Amino acid sequence: MYITKGRKYHKQSDGRYTAYDYFRLTRKRYDASGKEKTEHFCLGQLEGLTKSERNELADMLTVMIERGERPLSFSASLNELAMEFYRKYRESRPAAEFDPVLRAEAERREAERRRDLVTIRLSSLVQKQARTIGPEAVCRSTLSMLKVREFLNSRGWSREQVDLALMQVIARAIYPYSELKTVRYLQGNSALLEMFKLERRKVTKDALYQSAERLWEVHREMEDFLHERVTSIFHLEEKILLLDITNTYFEGRMEHSKLCFHGRSKEKRDDCKTVVLAAVVNTDGLLVRTMIYEGNRQDVTTVKEVVGTLAGQTSPEARKIVVMDAGFYSDANVKWLVENHFDYITVLPSGYAKFTADSDKVVRHEDCRHQEIRLQMGKAEIGGVQRKALLVDSDAKALKEQSMHEQAARRYEEGLEAIKAGITKKGGTKSRDAVNNRLGRLDKQYGAIRKEYEVTFTYEGKGKKEKAVAMEWKRKDGTVMEREKSHGKYVLLTSLDENDEVNVWKFYNVIRTVEETFHVLKTDLDIRPVYHKSDGGIKAHLNLAVLAYWIVSVTKYRLKLKEYPNVRWDEIMRIAQSQVVVTAEMNTEDGGKVSVRQSTEAEEELAKIYSLLEIRPNTIGKVKSQVHPKAPPKKSTS
């Protein structure tokens, strides 16, 4: 190849033409008929290059084009110029048609492409091994953001232990079942095993039990790690802490258990043992602290232990507000909170103290349901000390309490009717002691209602043969009117130096958040430790539900920040379950088989969730294709 010079003309603005020289790389070749052909590749004006430099450039390009090698010049600018022209040459049409090196590369790529092309029979298409992958992808995204893997790695856990633990927490958020049932879902319904590359034979109920116990051993450190991680990611300043506890029960005798010694749950199940979960959450529903107590633990006894673990993290300059329900109030708790730099808002138990208004000023406000409430600032005398208090009066709450009270009264009267029917009918309960026992059980169940009724019996006989022959009751006069005066009213006690009645009420009203937390734990995550028969297993089970709640609450909070409609967790899971990963198998014309494992495309609503959570769809259920050639014929053994 060599350089030739040509001439072109450029039209100026005044209409005249000026001539200029340009250079081209020229070579001669012979076509199939033996006729000589001349090819040109334009190099431009090559301004600033001397004749010797132009010739050196031609030699360099000749070696690069004809041999596929890269010669080097002592001039760096000449090296760059040669590479630039060579890249342009490779993209030109003559190069693609006639250059032997480029032709060889193109033929190699075409051969590789053809190896991926097979002729299949569509009638042989079979799809199998369908597994849900949408919920798993949503949960894994949040768990990855929380950096739980990094935390467990820092504790010296092996890769297999970490993968099993992460998979178990995600499974708990999606499939709130026992370990045995979870294993069935992991092996037959979920793509989690594929996502974490875990062997099916190693994921057993015993392996999950052991994994849950290992997670319990680091539960306090992990809880502090997750809390710090969330507050730093979302830049949260927690000024209000919500405290509440809940009982959960399960079948089983548990005779030697210290944790589950007591029974009698709210569901009136005397045969069921109970265990208590205490939780502190912030106003966004994100966990701050959890603790597990023995069954039937009184609310008032948990404040110092639960909130006390946070006292060291609260400086006197950054006071925090603890919002509690009436069950947590006591003079000792209030004193302890103030001494440890916590402000508080709590509901006074009914009839605990008398409220005295500071003035006749009553502020009218609307609650979240646009129902009117009346607020009045004042004081309540507690142990001889006047404390700031707020009286809240709600007509809607009064109607609800009256309805609940009347319903309880009807049920109490139905119980009285049942006792009376036993006295009057043949073969019924008539013995004096037996009748009084029935009335005692009824009074125990409806203690508050019992005070409004007068019940009298008429007896005949003496001693062991004394029997009730008649029964009457009536409601005491004035009790209904006296009760209606207090319906719909409650007193908030606070240490806040706040004169705005509405602000104090709003601070307390966020306690609904912790109620929603327990609702999610009990319904969506089914927190009941039904199948566990040891204290360690129960604690591990409850801790697993708490870790799953971290996924739930943080995922919902991430969507809330992106202004996604605040939907329930089960609804998010329903949307995500529309995406599955399946294996498609097809027979080829030459007798082989092709299998492709790939996830379905995310539907519109799920794609929106993926976008808000910054999940890349192309990372979910990547294509895994495999071609099985036709099996060779078996050799004859004859």
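Atoms considered below: every heavy atom in the structure, side chains included; atoms not considered: hydrogens, waters and symmetry mates. On a predicted model such as this, the values are computed, not experimentally measured, just so you know.
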Taking [Y]'s backbone N and O only, do any of them form a donor-acceptor pair with [X]'s side chain (distance below 3.5 Å, no angle check)?
| X | Y | answer |
| --- | --- | --- |
| S553 | L286 | no |
| R229 | M145 | yes |
| S403 | K400 | no |
| S495 | D343 | no |
| N543 | K539 | no |
| E194 | A191 | no |
| N282 | G285 | yes |

Can you tell me how far [atom2] of [Y] sits from [atom1] of [X], rounded to the nearest 0.5 angstrom?
| X | Y | atom1 | atom2 | answer |
| --- | --- | --- | --- | --- |
| L193 | K202 | CG | NZ | 12.5 Å |
| S154 | L152 | OG | CG | 7.5 Å |
| R140 | L192 | CZ | CG | 8.5 Å |

Verify whether one side chain among [X] and [Y] offers a donor that lies under 3.5 Å from an acceptor in the other.
| X | Y | value |
| --- | --- | --- |
| T290 | Y549 | no |
| T142 | T555 | yes |
| E136 | T132 | yes |
| E603 | S578 | no |

Compare every heavy atom of [Y] with every heavy atom of [X], then report the nearest pair and how far apart it is.
| X | Y | result |
| --- | --- | --- |
| W550 | V230 | CZ3-CG2, 3.6 Å |
| S190 | Y175 | CB-OH, 3.5 Å |
| W157 | A165 | CZ3-CB, 3.8 Å |
| L164 | A207 | CD2-O, 3.8 Å |
| R200 | Q187 | O-NE2, 3.4 Å |
| M222 | L215 | CE-CD2, 3.9 Å |

Have a look at L559 and tell me which of I572, V138, V554 forms a side chain to side chain contact (heavy atoms under 4.5 Å, CB included) with it. I572
Pick from Q129, K593, R597: which one makes a side chain to side chain contact (heavy atoms under 4.5 Å, CB included) with E585? K593
Less than 4.0 angstrom from a charged side-chain N to a carboxylate O is my criterion; do [X] and [Y] meet it?
| X | Y | answer |
| --- | --- | --- |
| R220 | E223 | yes |
| R155 | E221 | no |
| E217 | R214 | no |

Check whether any side-chain heavy atom of F151 sits under 4.5 Å from a side-chain heavy atom of V218, and report yes or no.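 Contact flag for F151/V218 side chains = yes.
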Checking salt bridge (charged side-chain N to carboxylate O under 4.0 Å, His left out) for the pair R574/E571: CA distance, chi angles, key distance, verdict? CA-CA 5 Å; R574 184 196 65 78; E571 180 66 10; 2.8 Å; yes
